[in-house]
Amino acid sequence: MENCIFCKIIAGEIPSNKVYEDEDMLAFRDINPQAKVHVLVVPKSHFATLAEMSEAQSELVRKCLVKIPAIAASLGLADGYRLIVNQGKDAGQTVHHLHIHILGGQNMGEKML
Ligand code: 5GP
Ligand code: ZN
């Protein structure tokens with residue numbers, strides 16, 4: 001997808017601090033971390049929201065979810081972590097390529113879940 005920053009990161013056109021990659025997904029550190037550990041897990045297929053997701057893309061998301069515990073363990077998040085998947089304008093989604101935020105490395109508190 002042209003002009004999608006995450007597609008460019010997946011393609012290696014924009015550098016990223018990768019923490020995990022396979023044929024289905026890329027995980028890299030957020031450029032503007034909102035917690036001590038803040039990683040984005042991105043399926044290697046362009047779609048913006050769950051509402052736009054095809055069946056094949058849902059399989060990639062399933063694989064991301066299955067892999068996240070191992071990614072979190074590799075990041076040292078033994079005491080837990082928070083996942084956030086922003087959907088659209090009211091959620092403040094700024095990159096319109098579905099991504100799962102992993103936030104942790106600290107007590108995340110009780111604000112907003
Ligand atoms: P959203 O608000 O769409 O759920 O989250 C998008 C996230 O992507 C933000 O946390 C933002 O900091 C991150 N981000 C935007 N551009 C880049 C980039 O070029 N590199 C990296 N590593 N993260 C980015
Ligand atoms: Zn994209």
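Ligands are counted one by one from 1 in listed order, and the atoms in each one are counted from 1 as well. The figures here come from the full heavy-atom set of this structure, side chains too, leaving out hydrogens, waters and symmetry mates. Counting from 1, the numbers follow the sequence of the chain as shown.
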Examine all N, O or S atoms of His96, backbone included, and report whether one is under 2.8 Å from the Zn ion (ligand 2). no

Is there a path from Val85 to Val19 through hydrophobic residues (I, L, V, M, F, W, Y) whose side chains come within less than 4.5 Å of each other? yes

Looking only at heavy atoms, the pair that brings Ala27 and Val41 closest together is CB-CG2, 4.1 Å

Contacting atoms of ligand 1, where contact means under 4.0 angstrom from a heavy atom of Asn32: 12 (O)

Donor-acceptor pair, Lys44 side chain versus Leu60 backbone, under 3.5 Å? no

Stepwise side chain to side chain contact (heavy atoms under 4.5 Å, CB included) check, Ile68 with Tyr81: CA-CA 10 Å; Ile68 280 173; Tyr81 51 92; 3.8 Å; yes

Does a side-chain heavy-atom distance below 4.5 Å link Leu40 with Ile100? no

Report the distance from atom CD1 of Ile10 to atom NZ of Lys18, rounding to the nearest 0.5 Å. 10.0 Å

Of all the N, O or S atoms in His46, which one sits nearest to the Zn ion (ligand 2)? ND1

Residue and atom name of the nearest protein heavy atom (relative to atom 5 (O) of ligand 1), distance in Å to one decimal: His99 NE2, 3.1 Å

Ligand 1 versus Leu40: contacting region, heavy-atom distance under 4.0 Å: side chain

Between atom CD1 of Ile84 and atom CE of Met108, what is the distance when rounded to the nearest 0.5 Å? 6.5 Å

Heavy atom under 4.0 Å from ligand 1: found in Asn86's side chain, backbone, both, or neither? side chain

Contact between ligand 1 and Gln34 is defined here as a heavy atom of the residue under 4.0 Å from a ligand atom; is it met? no

Backbone, side chain, both or neither: what part of His101 comes under 4.0 angstrom of ligand 1, heavy atoms only? side chain

heavy-atom search around atom 8 (O) of ligand 1 in the protein gives Phe6 CZ, 3.5 Å

Note the single closest protein heavy atom to atom 19 (O) of ligand 1, along with its residue, its atom name and the distance in Å. Ile5 CD1, 3.5 Å

Under the 3.5 angstrom rule, does the side chain of His101 hit a backbone N or O of His99 as a donor-acceptor pair? no

The atoms of ligand 1 lying under 4.0 Å from a heavy atom of Phe28, numbered in the order shown, are 21 (C), 22 (N)

What heavy-atom pair brings Gln34 and Leu103 nearest, and what distance separates the two atoms? CB-CD2, 4.1 Å

Starting from atom 24 (C) of ligand 1, find the nearest protein heavy-atom neighbour and note its residue, name and distance. Ile31 CG2, 3.5 Å

What are the two closest non-hydrogen atoms of Glu52 and Gln57, and how far apart are they? O-OE1, 3.8 Å

Can Ser16 be said to touch ligand 1, with heavy atoms closer than 4.0 Å? no

Can you list the atoms of ligand 1 that are under 4.0 Å from a heavy atom of Gly92? 2 (O)

On a heavy-atom basis, which atom in Val42 and which in Phe6 lie closest, and how many Å separate them? CG2-CD1, 4.0 Å

Nearest protein heavy-atom contact for atom 15 (C) of ligand 1: which residue, which atom, what distance? Val95 CG2, 4.1 Å

His97 atom (N/O/S) at minimal separation from the Zn ion (ligand 2): ND1

Considering only heavy atoms, does Ile9 approach ligand 1 within less than 4.0 Å through its side chain, its backbone, both, or neither? side chain

Is there a path of hydrophobic side-chain contacts, each under 4.5 Å between heavy atoms, that joins Val39 and Tyr20? yes

Nearest-neighbour protein heavy atom for atom 22 (N) of ligand 1, which is reported as residue plus atom name and distance: Arg29 O, 2.9 Å

Only heavy atoms count here, so choose which of Asp30, Val42, Ile14, Asn17 is nearest to atom 9 (C) of ligand 1. Asp30

Please check whether Thr94 reaches ligand 1 - meaning an N/O of the residue sits under 3.5 Å from an N/O of the ligand, judged on distance alone. yes

